[in-house]
Amino acid sequence: QFQLVESGGGLVQSGGSLRRSCTGSGFTFDHYAIGWFRQVPGKEREGVSCISSSGGTRRYVDSVKGRFTISRDSAKVYLQMNNVEPDDTAVYYCAAVFRAAEAGCLLGQSGRRYDYWGQGTQVTVSS
């Protein structure tokens, strides 16, 4: 059974750090590009960061560049969130799409190109 499970969410103070992880099971993990997305009530889902199936391509939305780092190993994708800000407060989702390494990864279209989604976990940054 195809499954993505996020962990590492919670409450953090502004300027602090948080490490999110996304664990895949039931599929060949290194054949899939993984994206992190976030959503706040009343707003469209936003692509935060993504990583290609090989890990060779990494992309970030402008608002997190220099603060967030995405990485992956054989079964997990990590999102290291440093110097977090109140505007980073959202429900965060990881998502997967079957994609050749040379095709990179996708951040746009609110993640509509992704086929599989985790359950979402809340990150709250207090000021």
Side-chain angles (χ1 to χ4, degrees):
Q1 181 181 355
F2 200 112
Q3 193 171 20
L4 291 170
V5 178
E6 301 116 351
S7 61
L11 177 65
V12 60
Q13 287 190 328
S14 181
S17 297
L18 207 59
R19 193 189 195 207
R20 308 298 318 283
S21 63
C22 173
T23 303
S25 61
F27 62 101
T28 306
F29 194 72
D30 58 6
H31 289 181
Y32 286 74
I34 304 294
W36 281 99
F37 295 82
R38 64 188 180 187
Q39 191 166 26
V40 298
K43 290 190 175 182
E44 191 172 6
R45 188 169 57 203
E46 175 188 43
V48 176
S49 182
C50 66
I51 189 166
S52 63
S53 57
S54 67
T57 298
R58 307 179 191 195
R59 299 179 64 193
Y60 301 91
V61 68
D62 285 346
S63 61
V64 307
K65 284 180 180 177
R67 300 189 297 119
F68 292 9
T69 303
I70 194 169
S71 61
R72 67 185 298 161
D73 59 25
S74 60
K76 291 187 179 184
V77 168
Y78 304 95
L79 185 68
Q80 179 67 40
M81 302 168 61
N82 294 332
N83 194 23
V84 295
E85 304 169 351
D87 283 348
D88 295 322
T89 296
V91 176
Y92 283 72
Y93 302 86
C94 65
V97 60
F98 183 84
R99 196 166 178 88
E102 59 269 26
C105 64
L106 304 168
L107 269 188
Q109 300 181 12
S110 301
R112 284 188 286 273
R113 299 283 296 274
Y114 284 76
D115 298 316
Y116 304 98
W117 291 81
Q119 79 280 9
T121 52
Q122 178 72 42
V123 171
T124 301
V125 181
S126 63
S127 57

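Note that these values count all heavy atoms, side chains included, but never hydrogens, waters or copies made by symmetry. Quick caveat, the model's predicted, so the values are computed rather than measured.
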*Asks:* Counting only N and O atoms by type, is there a donor-acceptor contact under 3.5 Å from the side chain of Ser54 to the main-chain atoms of Ala101?
*Replies:*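 Judged by distance alone, no pair lies under 3.5 Å.
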
*Asks:* Would you say the side-chain atoms of Tyr114 pair up with the backbone N or O of Ser110, donor to acceptor, closer than 3.5 Å?
*Replies:* no

*Asks:* Taking the six-membered ring for Trp and the single ring otherwise, decide whether the centroids of Tyr93 and Phe37 are under 6.0 Å apart.
*Replies:*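 Tyr93 vs Phe37: aromatic centres not under 6.0 Å.
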
*Asks:* Do Val77 and Ile51 have side chains that approach each other closer than 4.5 Å (heavy atoms only, starting at C-beta)?
*Replies:* yes

*Asks:* Taking Asp30 first and then Arg72, would you say they form a salt bridge - that is, a charged N and a carboxylate O separated by under 4.0 Å?
*Replies:*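 No salt bridge links Asp30 with Arg72.
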
*Asks:* For Phe27 and Phe29, what are the C-alpha separation, side-chain angles and deciding distance, and is it a ring pair (Phe, Tyr, Trp, His ring centres under 6.0 Å)?
*Replies:* CA-CA 6 Å; Phe27 62 101; Phe29 194 72; 5.7 Å; yes

*Asks:* About how many Å separate NE2 of His31 and CZ of Phe98, when rounded to the nearest 0.5 Å?
*Replies:* 6.5 Å

*Asks:* So do the side chains of Tyr78 and Asp73 get within less than 4.5 Å of each other, counting heavy atoms only?
*Replies:* yes

*Asks:* Could you see if Ile70 belongs to whatever hydrophobic cluster contains Tyr32? Use Ile, Leu, Val, Met, Phe, Trp, Tyr and a side-chain cutoff under 4.5 Å.
*Replies:*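 Yes, Ile70 connects to Tyr32 through the hydrophobic network.
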
*Asks:* Is a side-chain N or O of Ser49 found less than 3.5 angstrom from the main chain of Arg59, in a donor-acceptor match?
*Replies:* yes

*Asks:* Are Ile34 and Trp117 co-members of a hydrophobic cluster defined by side-chain heavy atoms under 4.5 Å apart?
*Replies:*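 They do not share one cluster, since no chain of ILVMFWY contacts under 4.5 Å joins Trp117 to Ile34.
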
*Asks:* Ignoring hydrogens and angles, tell me if any N or O in the side chain of Arg67 forms a donor-acceptor pair with the backbone of Ser63 under 3.5 Å.
*Replies:* yes

*Asks:* Treat each ILVMFWY residue as a node, draw an edge where side-chain heavy atoms are under 4.5 Å apart, and state whether Trp36 and Leu107 are in one component.
*Replies:* no

*Asks:* Are Val48 and Val91 in one and the same hydrophobic cluster, where Ile, Leu, Val, Met, Phe, Trp and Tyr link if side-chain heavy atoms are under 4.5 Å apart?
*Replies:*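 The answer is no; the residues belong to distinct hydrophobic clusters.
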
*Asks:* Which donor-acceptor pairs under 3.5 Å do side chains of residues 5-19 form with protein atoms, sequence neighbours excluded?
*Replies:*
| residue | atom | partner | partner atom | Å |
| --- | --- | --- | --- | --- |
| Glu6 | OE1 | Gln119 | N | 3.3 |
| Glu6 | OE1 | Gly120 | N | 2.7 |
| Glu6 | OE2 | Cys94 | N | 2.8 |
| Glu6 | OE2 | Gly120 | N | 3.4 |
| Ser7 | OG | Ser21 | OG | 2.5 |
| Ser17 | OG | Asn82 | OD1 | 3.0 |

*Asks:* Is the closest side-chain heavy-atom distance between Arg113 and Arg99 below 4.5 Å?
*Replies:* yes

*Asks:* Between Val123 and Met81, is any pair of side-chain heavy atoms under 4.5 Å apart?
*Replies:*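 Side-chain contact under 4.5 Å: yes.
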
*Asks:* Does Val125 share a hydrophobic cluster with Val40, counting links as ILVMFWY side-chain heavy atoms below 4.5 Å and allowing steps through other members?
*Replies:* no

*Asks:* Give a yes or no on whether the ring-centroid distance for Tyr60 and Phe68 is below 6.0 angstrom.
*Replies:* no

